[in-house]
Novice: 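First, the structure itself, so that you have it in front of you.
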Amino acid sequence: MKQFSNIGILTSGGDSPGMNAAIRAIVRTSIYHQIIPYGILRGYQGMIEGEIQELKTTSVSNIIQRGGTILKTARSKEFMTKDGMEKAYQQLMKNNIQALILIGGDGTFRGAVDFFSSYKIPAIGLPGTIDNDLFGTDFTIGFDTAVNTAVNAIDKIRDTAEAHDRLFLVEVMGRDAGYIALHSGIACGAEHIFIPEQKEKLNEILSSIQDDQRRKKMTSIIVVAEGDEFGGALELQKIIAKELPQLDTRVTILGHIQRGGSPSCNDRMLASRLGHAAVEALLAGRTQEMIGIVNGKIHYTPFTSCVKLHSPLPVDLLEMIHVLAK
Ligand code: F6P
């Protein structure tokens, strides 16, 4: 078993609900093993600037239920340069940080791959992003909360859509991944779902909307992933308005409300489990791996694979959409 006296923790990229629960689990597991945990503020940027402070067990009291991240976060351009990485490394040495735990998404692990190819410090990553787009885990921390936020919002939109016989296009986040759109769309009974992973035959969708109208089904909810092939909900609305001008259409872009709020029970559980397992993994001598949960079990994936490979969307869900919407 390896021994460390100090470890550093950072959150990087877009925040996600459950990051605080993960920080709490890491801090308390470290202290349990007589390791002093240090919080690195504002992700890689804070590492460069030496914003590093000790975290006590009380520093993480009363945060398990809070969204955001007490360590703050940033997307650091400077860290992508050789000079930025060298400065960051020097700060770690100066503060005697002997191992790192990184919580973040795709960008965080891309940064990690570059950094650890030059600097050899033990490191474990936790998948923290609402997008659910990391290879090596069934779910990322924050996805469940974000998708539930989207579901609550879309349910409300359906009430008003129904009252006015309108077609609503609801745009959800996910960058270039369609998980939030797929899950929230299915859970809300959306008539159509547009995701980047699947090309849609727009003509077929337009004629299916017309069929619905003929059957006096006047309300439609279309969930659109922000990264879909048409460029998002506003662009799709333009196409639909041109082809079916008789329809009363509206667009709602859910935006950053999907990133905030109190984490769901699932996200708190996932974050607590992964945070605890990350410290244990470092002590067991593991390094440069992202820790996730696959089929209910802790799973390790090298940083290099979790950024290169993509988890395919479940084919059965993709097939189901069209059947259930009829
Ligand atoms: O990666 C999380 C995410 O919320 C994406 O879904 C979205 O595209 C992006 O971050 C938005 O980033 P920002 O908060 O920097 O605008």
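Predicted model only: the values in this text are computed from it and were never measured. All ligand and atom numbering here is 1-based and tracks the order in the structure.
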Novice: Tell me which protein heavy atom sits closest to atom 12 (O) of ligand 1, plus the residue, atom name and distance to 0.1 Å.
Specialist: R75 NH2, 2.9 Å
Novice: Provide, to 0.1 Å, the distance between atom 9 (C) of ligand 1 and the closest protein heavy atom, together with that atom's residue and name.
Specialist: R175 NH2, 3.6 Å
Novice: Under 4.0 Å from any heavy atom of I130, which atoms of ligand 1 are there?
Specialist: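 Counting from 1, the qualifying ligand atoms are 4 (O).
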Novice: Could you list which atoms of ligand 1 come closer than 4.0 Å to a heavy atom of H256?
Specialist: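 Numbered from 1, ligand 1 contributes 13 (P), 14 (O), 16 (O).
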Novice: When only distance counts, is G174 in polar contact with ligand 1, meaning an N/O pair under 3.5 Å?
Specialist: yes
Novice: Going by the rule side chain to side chain donor-acceptor pair (under 3.5 Å), which residues pair with E54 if we only count those two or more places apart in sequence or in a different chain?
Specialist: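 With neighbours one apart ignored, the set is K56.
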Novice: Donor-acceptor pairs are to be reported for all side-chain atoms of residues 288-299 against protein atoms at under 3.5 Å, with residues two or more places apart or in another chain.
Specialist:
residue	atom	partner	partner atom	Å
E289	OE1	R286	NE	2.7
E289	OE2	R286	NH2	3.3

Novice: Looking only at protein heavy atoms, identify the closest one to atom 7 (C) of ligand 1 and say how far it is in Å.
Specialist: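 Result for atom 7 (C) of ligand 1: E226 OE2, 3.3 Å.
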Novice: Please find the pair of heavy atoms, one from L92 and one from L100, that lie closest to each other, and give the distance.
Specialist: CD1-CD1, 3.9 Å
Novice: Between E280 and H33, do the side chains contain a donor N or O and an acceptor N or O under 3.5 Å apart?
Specialist: yes
Novice: How far is atom 4 (O) of ligand 1 from its nearest protein heavy atom, and which residue and atom is that?
Specialist: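 I find the closest protein heavy atom is R259 NH1, 2.8 Å.
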Novice: Write out the residue and atom name of the closest protein heavy atom to atom 2 (C) of ligand 1, then the distance separating them to 0.1 Å.
Specialist: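 For atom 2 (C) of ligand 1, the nearest protein heavy atom is D131 OD2, 3.4 Å.
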Novice: When the ring planes of H183 and F139 are compared, do they come out parallel, tilted or perpendicular, using 30° and 60° as the limits?
Specialist: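 H183 and F139: perpendicular rings.
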Novice: Just by modelled atom types, is the I253 backbone N or O under 3.5 Å from a matching donor or acceptor in the E226 side chain?
Specialist: no
